[in-house]
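Accompanying notes for the structure given below.
These values consider heavy atoms only, across backbone and side chains, with no hydrogens, waters or symmetry-generated copies. Each chain gets a letter, A, B and so on, in the order its sequence line appears, and its residues count up from 1.
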2 protein chains.
Amino acid sequence: MNNDELLKLENQLCFAFYSCSREMTKLYRPILAELGLTYTQYITMLALWEQDHVSVKELGAKLLLDSGTLTPLLKKLEAMGLLTRARDKADERHLIVRLTEEGAALKEKASLVPIRLFEGTTVDPEEIFALRKQVQTLMSKISDAT
Amino acid sequence: MNNDELLKLENQLCFAFYSCSREMTKLYRPILAELGLTYTQYITMLALWEQDHVSVKELGAKLLLDSGTLTPLLKKLEAMGLLTRARDKADERHLIVRLTEEGAALKEKASLVPIRLFEGTTVDPEEIFALRKQVQTLMSKISDAT
DNA sequence: GCTATATAAATTGCATACAATTTAATCAAA
DNA sequence: TTTGATTAAATTGTATGCAATTTATATAGC
């Protein structure tokens, strides 16, 4: 590939991911709005529904986000009544996040989100599964390097 | 797939894209820093190296960004001396972006970026090509819906 | 020509991302 | 055990994204 080809926007894998990620977020937006959540708030809740009672550090490791992003996000979710934030008695450096009853209950409603997401599109479930696997493989190769 | 499986973070295609996109941006960061560019500034320059002398509207269509994001970004690149912004004489509503000599010249240096990106990783060029195609296919299916 | 409509940027406000620094708490080594 | 290093969150500052509104310009009907 020559220089011009190499630098074309449409030949950049990163741009494909970057733009696809944002388009998918747009697909989520109206659906998540019914739950009163933004996309980042949603994946944070997904992580907590999977494992409750975790520190900001652990949550950050799952979501690949640091305290700079998580602290204000968690404060917002706390203000919304979906979770509580409290220091770990055993080690006051850790802040433990716990779902409230309301936060745990929201999972019920949320279970419809993945089903509704690709309604109205021609996206094939098999395609989603295969693609996700490949992206995750790439991710791990990239993470190894950084 | 049951409810629990359906809502697991690792089963979300969106999260795979979202996290992979951000990890790739982290790969770019040190390389682009040598050019004095952020990732968004870089893809904007890619678009301009491909086609100079475009309106904010046209640029936004390529990058899938609106004036809310582009206006401050372009002002920054203008301040850096890489481009100029001027109203179209024929239609003052349009603001035309043009590369400066310096901006055009930066393409030379930038041509090394895609080559250096996956150095130090085990990512296969064939893999990149195939994956990009699939992501772009998905993108178009999603765009059709929105 | 005059006005209603449409269009393009810019602006405003809110929600991320993330590097770098600060603060508070814990651990470790002499 | 005392102090230097380490760790976890929070904070600060900068750069996006994007919805909604505003401003300026152009166009379409009449």
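Contact between the side-chain N/O atoms of A/K57 and the OP1/OP2 oxygens of D/dT7 is not found at any separation under 4.0 Å. The side chain of B/T71 places no N or O atom within less than 4.0 Å of a non-bridging phosphate oxygen (OP1 or OP2) of C/dT11. Side-chain N/O atoms of B/T38 include none lying less than 4.0 angstrom from OP1 or OP2 on D/dT14. Regarding contacts with the backbone of C/dA17, a side-chain N or O of B/Y18 is found under 4.0 angstrom from either OP1 or OP2.
B/L73 comes within 4.0 angstrom of sugar-phosphate atoms only, judged by non-hydrogen atoms across all strands, and of no base.
Put simply, CD on B/Q41 is 10 Å from C1' on D/dT16, counting in whole angstrom units. Following rounding to the nearest Å, A/L32 (CG) and D/dA19 (P) show an atom-to-atom distance of 14 Å. D/dT14 atom P lies 19 Å from atom CG of B/L37, rounded to whole Å. Atom CZ in A/R85 sits about 9 Å away from atom C1' in D/dA9, given to the nearest Å. With rounding to whole Å, B/R87 atom CZ is found 17 Å from C/dT7 atom P. The nearest whole Å value for the distance from the OH atom in B/Y42 to the C1' atom in D/dT16 is 18 Å.
Within a 6.0 Å sphere centred on CD of A/E5, heavy atoms belonging to other residues, nucleotides or ligands number more than 12.
A salt bridge does not link A/E78 with A/K75: every distance from a Lys NZ or Arg NE/NH1/NH2 to an Asp or Glu carboxylate oxygen is 4.0 Å or more.
Ring pair A/Y42/A/Y28 is tilted by interplanar angle, where 30° to 60° counts as tilted. In this pair, B/Y39 and A/Y18 present their aromatic rings perpendicular. The plane angle is above 60°, beyond the 30 to 60° band.
Taking every heavy atom of both residues into account, B/R132 and A/N11 meet most closely at NE-O, 3.4 Å.
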Worksheet item: How does each nucleotide of nucleotides 18-26 of chain C score, in 5' to 3' order, for protein heavy atoms under 4.0 Å: base (B), sugar-phosphate only (S), or none (-)?
Response: BB-----BS

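To the nearest 0.5 Å, atoms CD (B/Q136) and CZ (A/F15) are separated by 9.5 Å.
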